[in-house]
Amino acid sequence: MAKKLMKGSEAIPEAAIQAGCRFFFGYPITPQNDIPEYMSARLPKIEGGCFLQAESEVAAINMVYGAAAAGARVMTSSSSPGVSLKQEGISYIAGAELPCVICNMMRGGPGLGSIQPSQGDYFQATKGGGHGDYHLIVLAPSSVQEAVDLMHTAFDLADIYRTPVMLLADGIIGQMMEPVEFHEHEKRELPEKPWAVTGYDPKSGRKRSIVNSLYIEVDELQEMNDRLQARYKEIQEKEVMVEKYNTEGAEVIICAYGTVARICKSAIAICAEKGVKVGLIRPITLWPFPEKELNEVMAQDSVKRELTVEISAGQMHEDVRLAINGAKPTDFYGKPGSYTPTAEEIAEYILKTREA
Amino acid sequence: MSVVFKKTPVLTDTIMHYCPGCGHGIVHRLVAEVIEELGIQDRTIGFVPVGCAVFGYKYFDIDCVEAAHGRAPAAATGCKRVNPHNVVFTYQGDGDLASIGAAEIVHAAHRGEKITTIFINNAIYGMTGGQMAPTTLVGQKTTTSPYGRDPEHCGKPIRIAEMIATIEGAAYVERVSVDSTPNIRKAKAAIKKAFQCQLDGKGFALVEVLSSCPTNWGKSPSEAMDWIKSDMIPYYPLGVKKDITNE
Ligand SMILES: Cc1ncc(C[n+]2csc(CCOP(=O)(O)OP(=O)(O)O)c2C)c(N)n1
Ligand code: SF4
Ligand SMILES: [Mg+2]
């Protein structure tokens with residue numbers, strides 16, 4: 001298939017449709033409005049497809065809950081303040097073990113914040129976000145092409161593990177135009193959905209389907225939580241995705257994700273010109289976090305220190321520190337809010353801290 | 001031997017947890033009988049609320065979804081949009097529907113969502129121990145209005161059936177009561193009509209049921225039924241509020 005020049009926030013919904021998503025429920029919020037707008041044009045033209053603009057993000061995520069309960073491939077999309085509103089529903093979806101995909105085009109916060117790109121929702125996305133002991137699988141694309149490819153992965157992982165999956169991108173991915181290719185994807189084996197509510201015929205032999213996250217008995221709730229934790233362990237073992245860039249023999253290892261990781265690649269080139277070898281570890285899955293892969297790279301004799309770069313006050317840096325656990329020095333560069341650092345600034349910081 | 005009364009097979013054999021004299025048990029039976037009579041057990045999906053009816057999925061012998069507090073109309077919308085041939089209903093209390101879920105019910109009606117809502121108005125938050133609801137009557141004592149509901153402080157009770165009836169997308173809205181046998185009969189007819197409305201694709205249907213909560217009203221079961229008649233019905237008039245199902 002030929003490459004097409006597309007904006008991220010149009011390529012993402014198109015990829016979702018190609019991955020079999022037929023239902024979309026959302027509420028307008030900048031900077032992701034192109035996603036629902038695209039869906040509102042495409043889905044009604046596909047048999048059985050439905051786009052619905054909900055009255056709020058609260059309603060939208062609960063529509064997702066109902067559609068997922070009925071066995072559909074369904075998604076919603078929003079940006080930070082709207083994703084905060086969805087947290088109750090996401091917790092219920094996790095508790096009821098339903099598959100769905102949620103896209104968050106992060107903007108600056110807290111509060112109403114800004115409409116510029118940010119990475120301030122890392123904690124919310126990777127630590128659960130709502131109440132209870134649960135995780136989302138969190139995928140962080142750093143290009144439009146990768147966002148397209150990850151959309152297929154997102155729906156497959158959601159179905160395989162019966163869990164909500166979040167595509168966590170910054171506003172830049174949404175607004176950027178890049179050449180993309182919608183190619184065939186490796187088909188993973190997907191489970192049936194006998195648990196879906198589709199109508200119960202007592203004569204059919206199938207068990208009654210009850211979609212629920214209420215387990216009033218302590219041991220029953222324990223059983224559900226154990227099931228979730230076992231699943232999370234399996235996800236951590238099997239589904240980590242990470243890009244290693246220029247890491248062999250590097251002196252400094254940057255850890256960054258999303259658009260910031262791309263900027264860091266330019267910073268790495270600037271440092272190389274100055275004769276300083278810098279490498280990059282780019283988590284593609286923010287949860288599960290690539291702890292092992294980071295430590296393998298850090299263990300090289302050449303590596304003196306780590307530097308996390310984020311548009312936040314250092315949220316992912318906490319996971320980096322937990323992973324490295326004091327084995328080597330770590331550092332953070334970045335600002336909370338919406339300031340996207342330039343390659344020059346990052347390179348300058350690396351070179352300056354090297355002299356010190 | 002002739003059978004005079006038989007439990008509908010749409011109710012499971014699970015013993016209900018409702019208090020003696022609670023209206024929930026009556027309404028469960030009516031809903032289940034209607035599902036049986038319409039022959040739609042194998043395609044009906046129930047969305048149960050957060051409230052005393054939270055275990056509804058144990059009692060209705062159909063596929064069920066337990067929705068978050070107040071969100072049943074949104075969740076039911078998602079399900080109905082995926083499988084329009086399913087008959088989808090929500091069963092909600094007054095805290096659930098009239099308070100925390102006010103937006104979801106209004107917009108389900110506003111979209112003309114082809115679902116059926118059974119709304120249990122017992123003028124109180126039953127499950128959490130008898131706090132004030134938006135439907136609590138003026139002067140009614142609850143655990144959070146210990147001196148009686150004061151309209152100066154928190155307004156007068158909300159009339160959901162009348163409010164929903166003003167919304168274009170609502171096709172059928174009726175208020176009924178389960179305080180007496182004749183009224184229970186009428187309640188069943190209304191519930192049946194609300195399901196038929198969905199089967200005919202007419203739009204959103206809601207039946208508000210005035211129902212008893214003897215436990216949190218501090219009354220005996222029979223006193224509670226009397227109180228529906230003496231205090232609730234005068235403020236919440238029974239009858240059809242809107243019906244465009246014949247249009
Ligand atoms: C988000 C959220 N807020 C509050 C509660 C606590 N809660 C459980 S049931 C309920 C009220 C139920 O009252 P109602 O809907 O009138 O149902 P009833 O028990 O009277 O039938 C509340 C507030 C909850 N479960 N979730
Ligand atoms: S507390 Fe009230 S509403 Fe709840 S089961 Fe008892 S009587 Fe019924
Ligand atoms: Mg109540």
Side-chain angles (χ1 to χ4, degrees), chain A residues 22-25 27 43 48-74 76 86-93 95-96 98 100 130-131 194-204 206-216, chain B residues 9-10 12 14 17 35-36 39-50 54-88 90 100-111 113 115 127:
Chain A
R22 290 293 174 271
F23 298 89
F24 183 98
F25 305 96
Y27 186 80
L43 284 177
C50 175
F51 161 88
L52 195 61
Q53 181 168 321
E55 61 269 30
S56 68
E57 288 86 350
V58 174
I61 193 70
N62 281 283
M63 290 172 184
V64 168
Y65 177 78
R73 276 204 156 176
V74 55
T76 184
K86 289 185 197 289
Q87 293 304 328
E88 178 202 42
I90 296 174
S91 170
Y92 275 71
I93 291 169
L98 293 176
C100 75
H131 59 285
W195 44 262
V197 290
T198 51
Y200 164 66
D201 181 355
K203 294 185 292 290
S204 71
R206 114 127 136 82
K207 263 186 13 192
R208 200 153 69 83
S209 292
I210 298 170
V211 172
N212 181 27
S213 62
L214 174 66
Y215 296 87
I216 206 83
Chain B
V10 182
T12 63
T14 309
H17 70 287
I35 291 170
E36 181 192 0
I40 53 172
Q41 179 182 17
D42 60 354
R43 60 178 172 127
T44 300
I45 318 286
F47 282 74
V48 296
V50 175
V54 72
F55 289 124
Y57 58 81
K58 293 189 181 180
Y59 311 134
F60 293 115
D61 202 17
I62 53 174
D63 279 357
C64 281
V65 180
E66 169 23 57
H69 197 21
R71 319 296 177 215
T77 295
C79 179
K80 182 75 180 181
R81 296 290 177 135
V82 170
N83 293 320
H85 65 277
N86 279 147
V87 179
V88 178
T90 73
I100 196 167
E104 283 77 10
I105 195 67
V106 163
H107 286 277
H110 151 246
R111 288 189 302 269
E113 210 60 61
I115 60 171
M127 171 169 248

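Computed over heavy atoms, backbone and side chain alike; hydrogens, waters and symmetry mates excluded. Order of the sequence lines sets the chain letters (A, B, ...), proteins ahead of strands, with each chain counted from 1. Keep in mind that this is a model prediction, so the values were computed, not measured.
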Q | For the student: nearest non-hydrogen atoms of B/Cys79 and A/Val197, plus distance | A | SG-CG2, 4.4 Å
Q: Counting only heavy atoms closer than 4.5 Å, note whether A/Ala196 contacts chain B via side chain, backbone, both or neither.
A: backbone
Q. What are the two closest heavy atoms between A/Asn62 and B/Ala74, and how far apart are they?
A. CB-CB, 3.8 Å
Q) Does any heavy atom of chain A fall under 4.5 Å from the side chain of B/Arg43, the backbone, both, or neither of them? A) backbone
Q. CD of B/Glu113 to CE of A/Met63: how many Å apart, nearest 0.5 Å?
A. 6.5 Å
Q: Spell out, as yes or no, whether a donor-acceptor pair under 3.5 Å connects the side chain of A/Arg208 to the backbone of B/Asp63.
A: no
Q: For atom NE2 of B/His110, decide whether the heavy atoms of other residues, nucleotides or ligands shown that lie under 6.0 angstrom number more than 12.
A: no
Q. With chain B, which of A/Ile210, A/Val74, A/Asp201 has the greatest number of heavy-atom pairs at distances under 4.5 Å?
A. A/Ile210
**Q.** Euclidean distance, A/Tyr65 OH relative to B/Phe47 CZ, rounded to 0.5 Å
**A.** 8.0 Å
(Q) Shorter than 4.5 Å, heavy atoms on both sides: which option in B/Val87, B/Ile40, B/Thr77, B/Val50 has the most such pairs with chain A? (A) B/Thr77
Q | Options B/Val106, B/Val65, B/Thr44, ranked by heavy-atom pairs under 4.5 Å with chain A, top entry | A | B/Val65
Q | Heavy-atom pair with the smallest gap, counting every atom of B/Val82 and A/Ala67 | A | CG2-CB, 3.5 Å
Q. Roughly how far, to the nearest 0.5 Å, is the NE2 atom of B/His17 from the CD1 atom of A/Ile216?
A. 9.5 Å
Q: Under 4.5 Å heavy-atom distance to chain B, tell me which part of A/Ile61 shows up: side chain, backbone, both or neither.
A: neither
Q: For B/Glu104 and A/Ser56, work out which heavy atoms get closest and say how close.
A: OE2-OG, 4.5 Å
Q: Could you tell me which portion of B/Lys58 (side chain, backbone, both or neither) has an atom closer than 4.5 angstrom to a non-hydrogen atom of chain A?
A: backbone
**Q.** Region of B/Ile62 that comes under 4.5 Å of a non-hydrogen atom in chain A
**A.** backbone
**Q.** Residue A/Arg73 versus chain B: region with a heavy atom under 4.5 Å
**A.** neither
Q | Point-to-point distance, once rounded to the nearest 0.5 Å, from CZ of B/Arg111 to CD of A/Glu55 | A | 5.0 Å
(Q) Please classify the contact between A/Thr198 and chain B as side chain, backbone, both or neither, with a heavy-atom cut-off of under 4.5 Å. (A) both
Q.
Quick check on B/Ala76 against chain A: is it the side chain, the backbone, both or neither that has a heavy atom closer than 4.5 Å?
A. neither
Q) Just wondering, more than 12 heavy atoms not from A/Tyr27 lying within 6.0 Å of its OH? A) no
(Q) Heavy-atom cut-off 4.5 Å, strictly under: side chain, backbone, both or neither for A/Ala69 against chain B? (A) side chain
